[in-house]
> 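Let me give you the structure first, and then I'll get to my questions.
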Protein chains: 2
Amino acid sequence: MADSRTPRSADGLGSSSPAPAVTRAAAVLDALAEAPSGRLTLSDLSRELGIPKSSTSNLLMALEEARLITREGADFSLGRKLVELGAAYLSRLDEVQEFYKFCEQAPTLSGETVRIAMIDGDHIIYLARYEGHPAVRLTSNIGDKMPLSLSAVGKVLLAQLHDHDIEAMFPDDVELPVMTPKSLRSAAELKAQVAAIRKQGYALEDEESTLGVVCLAVPVPTHGAHGPSLGLSVTALKATFSEEQAALMVKELKELAHSLGNPMG
Amino acid sequence: MADSRTPRSADGLGSSSPAPAVTRAAAVLDALAEAPSGRLTLSDLSRELGIPKSSTSNLLMALEEARLITREGADFSLGRKLVELGAAYLSRLDEVQEFYKFCEQAPTLSGETVRIAMIDGDHIIYLARYEGHPAVRLTSNIGDKMPLSLSAVGKVLLAQLHDHDIEAMFPDDVELPVMTPKSLRSAAELKAQVAAIRKQGYALEDEESTLGVVCLAVPVPTHGAHGPSLGLSVTALKATFSEEQAALMVKELKELAHSLGNPMG
DNA sequence: CACGCTTGTTCAATCCACTGAACAACCACC
DNA sequence: GGTGGTTGTTCAGTGGATTGAACAAGCGTG
């Protein structure tokens, strides 16, 4: 569609990084992941990333040999090995396994759509999804990303950060992404919500990303020191959403969060 | 903690590949994925891959900057971006989306555990899993791999290949992996099964990978020319497995395979 | 505390991967 | 068919990434 005329530099910024070939290879993977069709030619990549064709060719050959990408005629696309590696990452998160078990036997949550997510730069990334009633099927998938300000999990994880980090990510004049009329518009609004979230211990997203849909989220206490902070959320239809139901969900979410935070559940 | 004393060379074989840094970076990712704990130090990697420490350090810095790996003190582990990339790969497979939809409304399959897989080297890799009754929870996850000879999908996909390819992968004196007393032992057995599978159009795995568990699998016709061939499988407990039920499952699996093979379902 | 054995980081010299231009093949449009 | 725009591949020169040795810092052990 809209031609992505953004010759982003292959390397981050000034980026006098060692092993530039690796940085560029990563940029190739990114470009392929973001390409609408998922398929790009050598010239496409060379142009978009600003890498000479001959170098690009070398990169692609190496990436193909590693099965990180696949060649199909003249088009390159992401390779299967990435699924393996992503799965390897997830399998190391014990939280994901326990997450599923808990959802299944939770009185209220077992019928809902629950997700576990984590901060990834200035977005959140969904790591796992439990679907109680297939009636409300979410379009979002494992691995998908969402801006922090547009999701309940995003806001609740943001509230976990230190104020100066928040300030750095959202200076007063930032322009927030908008998806519905109810999306937060200003950094001020966002910070007000963060304050409220810190008090009440959970976050609510009220049709801010999708009309007709609401979300509740709680943070998972970071056990010990290591590991990035996780968040949990339930998604429901606004039409069938009641105060008492919300209270129940938050209660169970907090239980789940607690048991995930304390390995010896 | 059996020390993995296998200093596999960072590069494939003779591997006079261009962009060696990329090849080595991929080797680092592999090593991290295969490490039992998922965490390795710089020295571990340097030793295991046979890359000088200083070079390894450079690689790791570049990989970390690309968020393909994460540093945690002195330990390195796989990074979140791999989940993104893996998800991006899967989201491009329209088959996966349709797979879920079909399973939900299929009379018999909707209650079973169904998976879609693809050949990946000499293994199969599971791409998606539908779980009808959480009673029988599989240990295998999306992205997991299985030897071809040990799974119904593996055998059915093998049967799709040309004989000379099969011969190349399974010469008469290969030693097949064994997981249960019923696992196939010889290439001859495997080839006999392949012949049978080609006749009947589906594959059966009878406690060959896990005692008490059986699997049925059918191939997805490769639509057009592009794309590697996919396979579908149902998993059931041997105890509750009947002939008539099997017939129903195979029938529905074939319907699903057909609709996946012909985009315009 | 000194010792041996780790660990990761620094730095200058060398070697090799990167580059740019020239190449060949292809397609689409007059 | 000619022609201008592609595409991806080839190759020799050169600049920078790679490297090994030397360094500093941590950790048990006797």
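Numbers restart at 1 for each chain; the letters A, B, ... are given by sequence-line order, proteins then strands. The shown structure was predicted, so the numbers you read here are calculated from the model rather than taken from an experiment.
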> Would you mind telling me which of D:dA21, C:dG8, D:dT9 lies closest to the side-chain atoms of B:Ser54?
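Of all the options, the side chain of B:Ser54 is nearest to D:dA21.
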> Between P on C:dT9 and CZ on B:Phe76, what's the gap in Å once rounded to a whole number?
7 Å
> Please tell me which of the listed nucleotides, D:dG8, C:dG8, D:dG20, lies nearest to the side chain of B:Ser43?
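Taking heavy atoms from C-beta onward, the closest nucleotide is C:dG8.
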> Closer than 4.0 Å, any side-chain N/O of A:Arg24 to the OP1 or OP2 of D:dA17?
no
> Could you tell me how far apart A:Ile51 (CD1) and D:dG8 (C1') are, to the nearest whole angstrom?
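Distance, rounded to whole Å: 16 Å.
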> Search all heavy atoms of A:Val22 against all heavy atoms of B:Ala21 and return the closest pair with its distance.
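Shortest heavy-atom separation between A:Val22 and B:Ala21 comes out as CG2-O, 3.7 Å.
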> Between D:dT9, C:dT7, C:dG8, spot the one nearest the side chain of A:Leu42, thanks.
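Among D:dT9, C:dT7, C:dG8, the one nearest the side chain of A:Leu42 is D:dT9.
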> Roughly how many Å is it from CZ in B:Arg71 to P in C:dG8, rounded to a whole number?
8 Å
> Considering all heavy atoms of both residues, which atom of A:Ala203 and which atom of A:Ala152 are nearest to each other, and what is their separation?
CB-O, 3.5 Å
> Quick one: on DNA chain D, does B:Thr56 or A:Asp44 contact a more 5' nucleotide (nearest heavy atom)?
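The residue whose closest nucleotide sits nearer the 5' end is A:Asp44.
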> Nearest of C:dC18, D:dT9, C:dT9 to any side-chain atom of B:Ala19?
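Among C:dC18, D:dT9, C:dT9, the one nearest the side chain of B:Ala19 is C:dC18.
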> Just to confirm, is there a sub-4.0 Å distance from OP1 or OP2 of C:dG8 to any side-chain nitrogen or oxygen of B:Thr41?
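B:Thr41 to C:dG8 OP1/OP2: side-chain N or O found under 4.0 Å.
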> Taking the side chain as C-beta and beyond, is there a heavy-atom pair between A:Leu161 and A:Ile119 under 4.5 Å?
yes
> Any idea which of C:dA17, D:dA17, C:dG8 is nearest the B:Pro20 side chain?
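That would be C:dA17.
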> Among D:dT18, C:dC18, D:dT7, find the nucleotide with the atom closest to the side chain of A:Lys53.
D:dT7
> How long is the line joining CG of B:Leu49 and C1' of D:dT18, in whole Å?
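The distance from CG of B:Leu49 to C1' of D:dT18 comes to 16 Å, rounded to the nearest Å.
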> CD of B:Glu48 versus P of C:dT7: gap in Å, rounded?
13 Å
> Looking at B:Arg47, does any N or O in its side chain come under 4.0 Å of the phosphate oxygens OP1/OP2 on C:dT6?
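Negative; the distance criterion is not met.
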> Using whole Å, report how far CG of A:Leu59 lies from C1' of C:dC18.
10 Å
> Between C:dC18, D:dG8, C:dT7, which nucleotide gets closest to the side-chain atoms of A:Ala21?
C:dC18
> Calculate the interatomic distance between B:Met61 atom CE and C:dG8 atom P; express it in whole Å.
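It works out to 13 Å between those atoms.
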> At their closest point, which heavy atom of B:Leu32 faces which heavy atom of A:Arg92, and how far apart are they?
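That would be O-NH1, 3.4 Å.
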> Is there a donor-acceptor pair closer than 3.5 Å between any side-chain N or O of B:Arg39 and the backbone N or O of B:Asp75?
no
